Amino acid sequence: MIRLFLAAALALGLTGPVRAAVDIVEVTSPGGITAWLVEEESIPFLALEIRFQGGSALDAPGKRGAINLMTGLLEEGAGDLDARGFAEAREALAASYEFDVFNDALSISARFLTENRDEAVDLLRSALAETRFDQDAIDRVRAQVIAGIRNDATDPNEIASDTFARLVYGDHPYGSSDSGTEASVSALTRDDLIEARDRVIAHDRIFVGAAGDITPEELGPLLDRLLGDLPEAGAPMPQAAEVAADGFLEVVPFDVPQSVAFFGHEGISRDDPDFFAAFVLNESFGGSGRQSRLSDEVREKRGLTYGIGTYLVDYDHADMVLGQVASGNEVVAEAIDVVRAEWARVAETGIAEDELEAIKTYLTGAYPLRFDGNGPIARIMVGMQMQGLPIDYINTRNDKVNAVTMEDISRVAARLYDPEALKFVVVGQPVGLLPTD
Amino acid sequence: MRRLFAYAAGFAFLALPLSAAEVTTHTLENGMEIVVLEDTRAPVVVHMVWYRVGSADEPAGTSGIAHFLEHLMFKATDTLESGELSQTVAANGGSDNAFTSYDFTAYFQRVAADRLELMMEMESSRMDGLRLVPEDIPTERGVVVQERKQRTDNSPGALFGEQRRAAQFLNHRYGVPIIGWMHEAERLSMEDAMAFYDRHYGPNNAILVVAGDADPDEVIAMAERHYGVIPANPNIVPRERVAEPPQLAERRLVMEDARVAQPYVIRTYLAPERDAGDQREAAALTLLAEVLGGTGATSVLGTKLEFDRQVSIYTSAFYSGLSLDDTTFGLVIVPAEGVSLEEAEAALDGAVAEFFDEGVDPDQLDRIKMQLRAAQIYEADNISSLARRYGAALTSGLTVADVEAWPDILQDISAEEIVAAGRAVFNRNNAVTGWLRAPETGPELEATQ
């Protein structure tokens, strides 16, 4: 049962204890697979979120793009079914499986109707354990991936993101696009794809969140059926990335009317005692709401952009504070000047007491609103497990936000934001913006 | 995972049926309509006010004014300072935003259920109390100019879409972009905004949609207190849109842009939309889009062109029946390597012609209908999207009864109706065929890339 409890003390300016109580049960299957479950029987379906840690960063040397292509082939034929047969079987069950991969995990977001759950689980099991990798399917999906790589090469956002990654993470897998290059993807063989699957889809790195119409007694055997056939161990995890230390500004000339800028530098670990202070501070400084200081300065006061934001991004192998802004070629230099000035100001003086109170009220009030459906709840629970958070974290999270003091903010501001280390990649035809050597 | 193209996301559109959420309706004396969708699973509400006005209602020469006004609606009112509404929503842990389309403009907040009345208090304040000052204009217009650059000018696919729509509609304002042509959007004034506001905003042109943990009787009582006291705006008259003349000639566009890495062909046909009490043809077209262009591995275009003939790496068909006036039905083909746009277009036409001869595969139709039934169950998990469906339908000329009848109509459509609807719509005199590609480059340039 999903039920969130909001204490009454949300009144303006006063931050009372706000609780989002979601009843999570830990289920361990007879075969030893652990999952977090929220039972919600009012709608007859189950949302299941499965992640295999490691993701596309586990590409073997020289095989960049193999795990991405492999992921695209999971729904392209399994067991007795070729790609069409598989799609027809899935459609007849009205089940939904979304396969995705990023640098830290391969994810499966599945939805099964209660009325045909067993068949839908069996079909998904065969996609993972009996993937066919038929040559015609490989060629077809490979052509789609290569078309995507070519598109990315003329998309200013992709150029900015790829250039930033290359300059900041270097040779680490994070330093290159996980789609691979046209050359690396063209060279992949069927054996490479089978190996790619076995590097990632293995028992020793599974995380599961389940929300919906199922009991703990039913979930355990389901997990064993779905995941029991997988190999025991996958490839070893990558090393930590070495993040470039010095600041720079790189311009990639590209003929578009609006420049796209990516920026950032190293951040703070989720395990750090100051993580919550850093999180609260960054939400106030550049967070997703319209009320952030950066949005106020760059958008509201100056009209230089439609949107700007900064994010604490804790990858498995690098902790970053990253930001993004798109601004017309003729004004992007001004936008970047404002970012630099605000970066220095926040590092020096942090935020004011009323800003801290405002962001606390927002963060603690917004938190319970996240748990608004089986799909989102299943995803949040997987994220919590991958970050190593305790099962009662949801009940304590807002207390941690509220516990952040002005002293914490001052300390962490100086530590988190470093104008000297700030790295920019700008793609476009920026006027009056000179790259540093 | 990255295998689809950025432009693919906007193509596929399956009008999902609605769940059987508790629906309550009411109309205030001043004409404001109310729809409450009760779902008590979580103590959260979505509060939306939809206005029956969109970019297709703009006077000529002020394209983008509906959207610009939407931005300006976050400035000061009689009772709120500029920006105070969003700040108050955030201070209460909520999120807020707004969106503008051809037929509607909508404002919404998502908050804890016990904050609903505060949202109504603020939202009602900007229904008739907007107080702009000249200083608001240049900065916010700058934001809109940047928004246009980000969404449209930086993307050849989006620019191509503008050109195709302008060619599709000979007379109707659907041919003008929502965000406005740049040369007009960058000159919009406070007078333009206030004239549009005075003409179109008011309770008698608005629909309140509240979805989530909200008791319908309490919602109606609250709405009486905050919206019921606003007098109807006498300037508001029924929408009279211009009609398209008969379209007698096929239009063909070739657009070249150096940023295009993957060329493609899109054809759109003028097509009927869902009308109140008359949704069967639109339902047939909705199913036709799924039959032709649903999942690549099972759709008509996908199996013929991607699997059997291998002339394409991506195909799609799209149709949205939610529209006040005539809409479009579209077909897309992205050719495989070595296949020209001309060959791709011919293959697309060949596949459609074959389909009309062969008819609908009954197994495929059964699977599509099964998925539509399941979608009603999955949709019940997302109350915000349900709220949007009602708001969009009611601002597009439909009634709550039409919305509720839609899932059953979809289930009731026969294979013959699907083919007949396609034959009626697929008339090249009504069509715009567009090719998007990069300009030809000389051998030297190619060698250096």
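All figures in this text were calculated on a predicted structure; none of them were measured in a lab. Chain letters run A, B, ... following the sequence lines, proteins first and then strands; every chain starts at 1.
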At a heavy-atom separation under 4.5 Å, does [X] approach chain B through its side chain, its backbone, both, or neither?
X: Asn116(A); answer: side chain
X: Pro44(A); answer: both
X: Phe254(A); answer: side chain
X: Leu304(A); answer: backbone
X: Arg302(A); answer: backbone
X: Val298(A); answer: neither
X: Asp136(A); answer: neither
X: Leu93(A); answer: backbone

Residues [X] and [Y] bridged, charged N to O under 4.0 Å:
X: Arg142(A); Y: Glu337(B); result: no
X: Arg373(B); Y: Glu115(A); result: no
X: Arg41(B); Y: Asp372(A); result: no
X: Glu147(B); Y: Arg299(A); result: no

What are the two closest heavy atoms between [X] and [Y], and how far apart are they?
X: Pro257(A); Y: Arg259(B); result: CD-NH1, 4.1 Å
X: Phe307(B); Y: Ala83(A); result: CE2-CB, 3.8 Å
X: Arg84(A); Y: Thr298(B); result: O-CG2, 4.2 Å
X: Glu306(B); Y: Arg140(A); result: O-CD, 3.7 Å
X: Thr154(A); Y: Ala261(B); result: OG1-CB, 3.7 Å

Select one option (side chain, backbone, both, neither) describing which atoms of [X] are under 4.5 Å from chain A's heavy atoms.
X: Arg141(B); result: neither
X: Val145(B); result: neither
X: Thr303(B); result: both

Within this structure, what is the [atom1]-[atom2] distance for the pair [X] and [Y], rounded to the nearest 0.5 Å?
X: Glu140(B); Y: Glu300(A); atom1: CD; atom2: CD; answer: 6.0 Å
X: Ile149(A); Y: Gln262(B); atom1: CD1; atom2: CD; answer: 12.0 Å
X: Leu113(A); Y: Ile377(B); atom1: CG; atom2: CD1; answer: 5.0 Å

Using modelled atom types only, decide if a donor and an acceptor are shared between the side chain of [X] and the backbone of [Y] within a distance under 3.5 Å.
X: Arg110(B); Y: Leu369(A); result: yes
X: Gln146(B); Y: Gly328(A); result: yes
X: Asp381(B); Y: Asn374(A); result: yes
X: Gln144(A); Y: Ile313(B); result: yes

**Asked** Picking from Asn154(B), Val89(B), Val111(B), which has the most non-hydrogen pairs under 4.5 angstrom with chain A?
**Response**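 Among Asn154(B), Val89(B), Val111(B), the one with the most close pairs to chain A is Asn154(B).
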**Message:** Using side chain to side chain donor-acceptor pair (under 3.5 Å), reason through Thr295(B) and Glu91(A) one step at a time and then give a plain yes or no.
**Reply:** CA-CA 9 Å; Thr295(B) 312; Glu91(A) 288 175 4; 2.9 Å; yes
May I ask you to name which of [options] has the most heavy-atom pairs under 4.5 Å with chain B?
options: Ala366(A), Ser107(A), Ala95(A), Pro376(A); answer: Ala366(A)
options: Val256(A), Ile67(A), Asp255(A); answer: Val256(A)
options: Ala92(A), Ala87(A), Ala326(A); answer: Ala92(A)
options: Gly212(A), Ser327(A), Gly307(A), Ala153(A); answer: Ser327(A)

**Request:** Go through Lys149(B) and Tyr306(A) one step at a time and tell me if the side chain to side chain contact (heavy atoms under 4.5 Å, CB included) criterion holds.
**Result:** CA-CA 9 Å; Lys149(B) 287 182 178 178; Tyr306(A) 178 54; over 6 Å; no
**Request:** Please indicate whether Glu81(B) has more than 12 foreign heavy atoms, meaning atoms of other residues, nucleotides or ligands, lying under 6.0 Å from its CD.
**Result:**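 Counting neighbours around CD of Glu81(B), 12 or fewer heavy atoms of other residues, nucleotides or ligands fall under 6.0 Å, so no.
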**Request:** Indicate yes or no: at least one non-hydrogen side-chain atom of Arg148(B) is less than 4.5 angstrom from one of Gln258(A).
**Result:**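 Counting from C-beta outward, Arg148(B) and Gln258(A) never come under 4.5 Å.
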